[in-house]
Every structure is written in C-alpha cells, then in structure tokens.
Amino acid sequence: MLEIKNVTKVFNAGTINEKVALDDVSLTLEEGEFITVIGTNGAGKSTLLNAIAGTWPVDSGEIWIGDTNVTKLPEYKRAKYIGRVFQDPLLGSAADMWIEENLALAKRRGQHRGLKIGITEEERKEYYGLLKEFDLGLEDRLSAKVGLLSGGQRQALTLLMATIQKPKILLLDEHTAALDPKTAAKVLETTKKVVEKNNLTTFMVTHNMKDAIAYGNRLIMMSGGKIILDIKGKEKQNMTVEKLLNRFEKASGEEFTNDAAILG
Amino acid sequence: MSIASLINRLPGGVAQGLIWGLMALGVYITFRVLKESDLTVDGSFATGGAVAVVLTVKGLPLFVVFPCAFIAGLVCGLCTGLIHTKLKIPAILSGILVQFGLYSINLHIQSSAANVSCNPDKYNVLLSLRNIPKAIIIGLIFAAVLIVVMYWFFGTEIGCAIRATGNNNAMAKAQGINIDNTKLIGFMLGNGLVALSGALMAHYQSFSDVSMGRGAIVIGLAAIIIGEVLSEAIFKKGCSFYLRLFFVVLGGVVYYLIMVLILWLKVDSQDLKLATAIIVMLALAIPNFRKGGKAC
Ligand SMILES: Nc1ncnc2c1ncn2[C@@H]1O[C@H](COP(=O)(O)OP(=O)(O)OP(=O)(O)O)[C@@H](O)[C@H]1O
Ligand SMILES: [Mg+2]
C-alpha cells in the first residue's frame, strides 16, 4: 500500500546547519498494517511522515501509494490518498467554520470543488450519525464553530475528518501528545476503533513506548534518520518496554534519550 | 454651521457611504475571509473608475461598462495573487507592488489624463450626485444583490474551500485544497468588487481620477470594523453571514456620515485622513486588548 524507496532528505544542505534528517530510508507497508513509530528526539520520525504527506519534496528516492508514484505530487494532490492528524490540535480543522462544514470539506477531499452547495441535507444526517458513534457529545452541535471545542474534541474531530473518506494511509504524528492523559487515552482508543473498523493502513508516530507497543501490529524505531528496528508479528505482541530499550541500545550503540518516551 | 446644512448633506453622504460600503465588501473577502491584507485595492478602485468612465465616454452601454470594470478588477487581483502565490512574495508586498504599478496602467487607460469626466448631460451614467435618491436606490440594489451572491458563493464547495484556506492553510492542504488557487480566486473577487465600486463612484461623481482610490484600503477596514462593532453591540451572540455582510455595508455608510459630520464641524479637511487613520488604528487595536481576544 505504501512503499518508500531509498528516501533521503537533507535540511539546510551546504550550510553549517546541514542536517541529514532521512538517510536512505526504505519501508514497505502492507494494506491494513498499523505501524507505530518511535525514536529519540530529532530521529526523523516527523520528517518521514512529512515526506509521505508531501510537505516538501524529498531529495532522492521514491514514494508510492498503491500504484501511484506520488514523489513529485504536491501535498494537496496527495491528500486524495492520505488522512492526517497533526500533533497540534489547532492545525487539523478550521476554527471559524462549523463542525459540519469542516466535515463537509473533508468529505470532498480529493474531489473537484465547484459551485455546488458546500453541504447537503443528507450529509448533515450522515454527520449526525458519525459524530454520535464517535461519542464526543458533538452530534447536537453540528453548527457550532470548531474553535469552541476542546483540544481532545478537536483531535477526535480531525480523526473523523481524516477517515470520513477511507484514506489509503492514515498519518498520525504524536496526535495525542498535546492532550491530558485521560483525553489522550480516549482519543487513542477511538483511533484504534476507527482503524480496525475501516481496516486502515496506519502510520502512527508516538513518544510513548507503551502506546507504541500496545497499539498496532508493527513497530519501527528510528535513530539518526534511519530505521534501526523493525518488529512485527509475534515478536511485537510479546514486546515490553525493557526489551525494547534493550534492543534499541544494541542497535544504535547509545542510550535512549527521550525522557517522555520512557516515563510516559 | 447650521443644522440645516448638515441635514442637507446627509443624503449625499448616505449615497457615497453606500458605495464605500460596497467596496468594503470586496475588502472583506481578502481581509476577513482570506485573512490577508490586500493593498491592491487603492489601485483597483481607480482602475474600475477609469475603465468605467473611458468606456462610458466611448458611448458603450451600461451593461458593458460595469462588467468590464468588474473584470478589470479581477485582473488586478489576479496579478496580486500570482505575485503572491507563484513568486512567493508576501501578500501585503504583492498588493503594494500591484497598486503602485496600477497607477501607470490607470494613466494609460485614461490616455495619460489624470482625470476624465463623464458629464451626465452628455453621457449615459447609471447614477449621479444630481439625483441622490436614485443613487441611494441603486446603491441599495447593488448591496442587496452582492450580499445574496456572496452568501451563496461562500456556501458553495469552492467558497468553503476559500474560507478554509483563510482559516488554516495546513488544514486546507491536508483536505486536498489547492491553496494557491483559492487565494487567487479570493484576491480576484475582492478586487473585482472593489473595481465595481470604483466604477459606481466614478459615475456618481461624474469623473474618474487616477488617485481616487488613495486610502481605499483604510476606508474599507474602517467600514468593516465599524460594522463589526455595531453588530456586536446589537447581536451579542454573533449573527448570520447575511447580517455580517449587511453590517459591512452599513459600516461604510456610518463611516462616511462621520466624515460628513467632521467636515460640518469645520475640522480642517486636510486632517480628515489623519482622523480616519487614528480611528481605524484604535478599532484594530481594541480586540487585541480585550481579555481573551485574539489579534486580527
Ligand atoms: N523544516 C526543517 N528545517 C530544518 N531542519 C529540520 C526541519 N524539520 C526537521 N528538521 C531537523 O531534522 C531532524 C529530524 O527532525 P524530526 O522533526 O523528524 O524529528 P522527530 O523524530 O520527529 O523528533 P521529535 O520526537 O522531537 O518530534 C531534526 O534534527 C530537526 O531539527
Ligand atoms: Mg516529531
């Protein structure tokens, strides 16, 4: 479903701030795979996710989604295949627009937008049902401005927007990091439900080792712009935080330096 | 300084205020919907006036004159939009560049004359200050039609995409919106409306002048903010998009009536612009100092 072939990304090339953020990274995701991504600060997790989303062009390598080579497609064109939830709850939705308008915008992702009405009566009914399923207490507030919602509600809404049209890949970049622990747990559970219900191919960056182990069916660890661990199947199911730290130290020859990940 | 002379000036003030209010609807599209400060308007207002007067003097019918002025405005907005999105120059600078360049263009349109008149006795004009009631009615008709069309447009798929772009670029891109295109459309429509109002103003005053748009952006902002202050005072809980647009036009009228009042008070007219600038500055600043308020 997703194929990353030898992708390299260098920031500030040729300056003293040169940073090889992705160093010849290759990764293949099968349909329905739910991969969790963990690593030290600055390891390149977000950079890999942004490379898939098309935030900027990569320096070399190719990215395929299904049968489409998206390497040269701008972000807005790739959006057709990608659902995305950002770390910052403010980034995923339009604050001055209504809940239903945000959902209607997401519903039309990848489609031509013309002079047809922006949201139809049937859609309203559909959104009511979907929001009810999500259990956020928002189904009766379809015409409330999104700016009035809490961070957790906004992240859950963004998740619904990202999946309202089944994406080929769901990209989640520490999407619960800005939430309080209780809300974070709820949004993660919702994420799991949505992913399972729609059998979504998912790429989830997290700073929390426990979550990385508990969720998904494959785990990769990044360090210095490379994927240094790739754990799947039975091994993933039997993983613990200690084992993971151990494997990391062996693979990278350094200690894991992401306090949040160990403590969280 | 008799009250009678003030009352005498009010109808004309309302007519001109309506035209500025229509222009403010154009500024609203860039300033409030796209959330960009577009300074093109000082130029595109005069472009609209120039196109309208020159075509009127050529004897073209009104149904050609006004659409042409609108289209000229679309082109002005297209220039700013392209400079901003393709050459990656900040919108405010792109607008300044286009506005600056438009001065020459406007002179070309007017065959190098700084101003061109279209005497209502000789030419077919839509409205004129000789018939103020008619001018007010035409202003109101334009306002009603434009408000309905804007309400409809910003509820369409593409209209919603433009609003999303102004709200949140990251979200818009993630939802597959080509924000270069939506910005272009926004700049074009905004300046189209501004040029259309320039055409109305030129007919109303029976001439167009290459500098007739000077300060138009400030007047537009004043109208928008006065309208918002009024609507917040009346509808504490916020109001529909229809009403918000109506209040923008009303803001233009109120702004101009304040100017009429200031002039009537025999304030030196050379101080008018300074007074406007200070009023707009205060109005822009107030929300930033309100508790929990956000900067615009
Ligand atoms: N737009 C950018 N410009 C310059 N350098 C960047 C940019 N984005 C990322 N980097 C650099 O690339 C490296 C990888 O960053 P990245 O954001 O991918 O790390 P991460 O693994 O997501 O870390 P974190 O856990 O802190 O989120 C870092 O050194 C970072 O400073
Ligand atoms: Mg990151």
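Residue numbers begin at 1 in each chain, while the letters A, B, ... track the order of the sequences. FYI, side chains are in, hydrogens and waters are out, and symmetry mates aren't considered; it's all heavy atoms of this structure.
- Proximity to chain A is absent for every atom of B/Phe154, based on heavy atoms less than 4.5 angstrom apart.
- For B/Ala144, the side chain to side chain contact (heavy atoms under 4.5 Å, CB included) criterion is met by no residue, not counting sequence neighbours.
- Between the side chain of A/Gln165 and the backbone N or O of A/Lys107, at least one donor-acceptor pair lies under 3.5 Å.
- Of the listed residues (A/Thr55, A/Leu90, A/Ile117), the one with the most heavy-atom contacts under 4.5 Å to chain B is A/Ile117.
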Checklist entry - Where do B/Trp20 and B/Phe45 land on the ring-ring contact (aromatic ring centres under 6.0 Å, His included) test, with the steps shown first? => result CA-CA 10 Å; B/Trp20 287 119; B/Phe45 189 76; 4.8 Å; yes
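- Between A/Thr191 and A/His175 there is a side-chain heavy-atom pair separated by less than 4.5 Å.
- Only the side chain of A/Glu101 has a heavy atom closer than 4.5 Å to any heavy atom of chain B.
- Note: A/Gly118 leads A/Pro74, A/Ala162, A/Gly118 in heavy-atom pairs under 4.5 Å with chain B.
- Between chain B and the options A/Thr158, A/Leu105, A/Asn102, A/Leu171, heavy-atom pairs under 4.5 Å are most frequent for A/Leu105.
- Using a 4.5 Å cut-off between heavy atoms, A/Lys77 makes no contact with chain B at all.
- The side chain to side chain contact (heavy atoms under 4.5 Å, CB included) test applied to A/Ala106 returns A/Met161, A/Ile164, B/Gln175, not counting sequence neighbours.
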